[in-house]
Colleague: 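This is the structure I want to talk about, given as structure tokens.
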Protein chains: 2
Amino acid sequence: MTDSLSAAPGASRPGGKRERLIAAAAETIYAAGVEKTTLADIAAAAGIPLGNVYYYFKTKDALVQAVVEAHLAEARTMLAAVDDAHEAPRERLKALFSALAQQSDLIARYGCPHGSLCQELGKRADGTPAAAELMREPVEWAERQFAAMGRPDARDLAVQVIARYQGTALLTSAFRDPGLMEAEARRVAQWIDALD
Amino acid sequence: MTDSLSAAPGASRPGGKRERLIAAAAETIYAAGVEKTTLADIAAAAGIPLGNVYYYFKTKDALVQAVVEAHLAEARTMLAAVDDAHEAPRERLKALFSALAQQSDLIARYGCPHGSLCQELGKRADGTPAAAELMREPVEWAERQFAAMGRPDARDLAVQVIARYQGTALLTSAFRDPGLMEAEARRVAQWIDALD
DNA sequence: GTCTATAGCCAGATAGAC
DNA sequence: GTCTATCTGGCTATAGAC
């Protein structure tokens, strides 16, 4: 039995072992991919014995799911921060791309973490709907910005801008060249300013 | 010993077992990913006993490498066919995108096979240089077309056009919506016509 | 809640008969 | 060249002491 201050396995206290496991899993999976990452790798990165992982997650898939949800939560936080920092949708869109481009060195090594997860989990038979959310939510956020700019084709523009980022991330990673992402961020900023 | 008409393991005769293995591996890996695909899966898909695979490929990695090279060879054939079919670089670029968009249903299910391979193999420590070629060669081909159009920024435009395709392929797959790729092909055609 | 030990399975790879 | 049988190691997952 656990007292009322202890976290149940499903709960998430910052700094708790569950949180540490998810963070270690996110990093390891980002660097090596879902299938190549073993629970032993994750446990070692988190400084937790292998057997203890199963107290927090019944299966590897459950941990992967938690990683996807952690990425989603982080993405929402970032989009909300951009919303708070800027009023004008144009500035918001540029701020998002600027923030993403600041990760260009990491992207050059491992690609976009959300794109990697979508690619790998998208091949599963079940579809793993949570991974698709990693794309859907940014697209819908961008759609709201373009709509606020009065664009009737807001949805198409939103898909285009996220696709540009994802495609550039893939080439940035394939060529190990962070400059590609930085150049694209500048072009997207110009493109957004030129709209209308 | 083998007589002079039999293929050595390294050679590639169309319809030979080595070719069948590579084709089966390419399909299975496209659908399930490199790490999740087992040699038993590939052998079964090719109708070849598992143990016999090792006569043609010393390791799984060697077979994966052969799959990447088969994709590269196919890509070169396709680009050469586009070169033959059209003289004008503008028409060539549109023809390439049109051909890619015709795969939209497959892409909606499994993404772009080249993009998938780059993403997965790009995480390896060695870099797996052959996978990056799957991006480099189309970019260089597109660069030649833009240069032939007299564009001084041919390289940037080439990176952009391939990135647009790859990013759209990712979203097409995440949303399981072939329409995204078809819409993008139309936009790229307009964009190319509007250049200069 | 935590950790050690290990079960059970399945993958890549090999041996060797044919 | 082909194929069956099998080795070996590593992975997910569990059992059970503490």
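Note: hydrogens, waters and symmetry copies are ignored here, and every other heavy atom, side chains too, is used. Below, chain A is the first sequence line, B the second, and so on; all start at residue 1.
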Colleague: So does A/Lys58 get a side-chain nitrogen or oxygen closer than 4.0 Å to the phosphate oxygens (OP1/OP2) of D/dA13?
Modeller: no
Colleague: Look up atom OG in B/Ser98 and atom CD in B/Glu182, then write down how far apart they are to the nearest 0.5 Å.
Modeller: 10.5 Å
Colleague: Quick check for you: among D/dT12, C/dA13, C/dT4, whose closest atom lies nearest to any side-chain atom of A/Pro49?
Modeller: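 That would be C/dT4.
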Colleague: Measure from the side-chain heavy atoms of B/Asn52 and tell me the nearest of C/dA13, D/dC3, D/dA13.
Modeller: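 The answer is D/dC3.
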Colleague: Hey, which of these two, A/Thr38 or A/Gly51, hits DNA chain D nearer its 5' end, going by closest nucleotide?
Modeller: A/Thr38
Colleague: Flag yes if B/Val161 and A/Val159 sit in one hydrophobic cluster, no otherwise; membership is Ile, Leu, Val, Met, Phe, Trp, Tyr, and two members link when side-chain heavy atoms are under 4.5 Å apart.
Modeller: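 Cluster IDs for B/Val161 and A/Val159 differ.
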Colleague: Could you tell me whether B/Glu91 atom CD has more than 12 heavy atoms of other residues or ligands within 6.0 Å of it?
Modeller: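 Yes, CD of B/Glu91 has more than 12 neighbouring heavy atoms, counting only those of other groups under 6.0 Å.
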Colleague: Expressed as a whole number of angstroms, how long is the span from A/Tyr54:OH to C/dA7:P?
Modeller: 16 Å
Colleague: What contact category does B/Ile48 fall into here, base, sugar-phosphate, or nothing, at under 4.0 angstrom with non-hydrogen atoms?
Modeller: nothing
Colleague: B/Tyr56 side chain: which of C/dC3, D/dG1, C/dT14 is closest?
Modeller: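 Looking only at side-chain atoms, B/Tyr56 lies closest to D/dG1.
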Colleague: Rounded to whole Å, how long is the line connecting atom CD of A/Glu35 with atom C1' of C/dA11?
Modeller: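 Answer to the nearest Å: 13 Å.
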Colleague: Rounded to whole Å, please give me the gap between CG in A/Leu21 and P in C/dG1.
Modeller: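 Roughly 14 Å, once rounded to whole Å.
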Colleague: Considering only side-chain heavy atoms of A/Lys60, which listed nucleotide, D/dT2, C/dG1, D/dT12, is closest?
Modeller: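 For A/Lys60, the side-chain atoms sit closest to D/dT12.
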Colleague: Taking only side-chain nitrogens and oxygens of A/Tyr55, does any of them come within less than 4.0 Å of OP1 or OP2 of C/dT2?
Modeller: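 It does not, given that no N or O in the side chain of A/Tyr55 lies less than 4.0 Å from OP1 or OP2 of C/dT2.
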Colleague: Picking from C/dT2, C/dA13, D/dA13, which would you name as closest to the side chain of A/Leu50?
Modeller: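 The listed nucleotide nearest to A/Leu50's side chain is D/dA13.
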Colleague: Only one of B/Arg155, B/Arg151, B/Arg136 forms a salt bridge (charged side-chain N to carboxylate O under 4.0 Å, His left out) with B/Glu143, so which one is it?
Modeller: B/Arg155
Colleague: From CG of B/Leu63 over to C1' of C/dA11, roughly how many Å is that when rounded to an integer?
Modeller: 15 Å
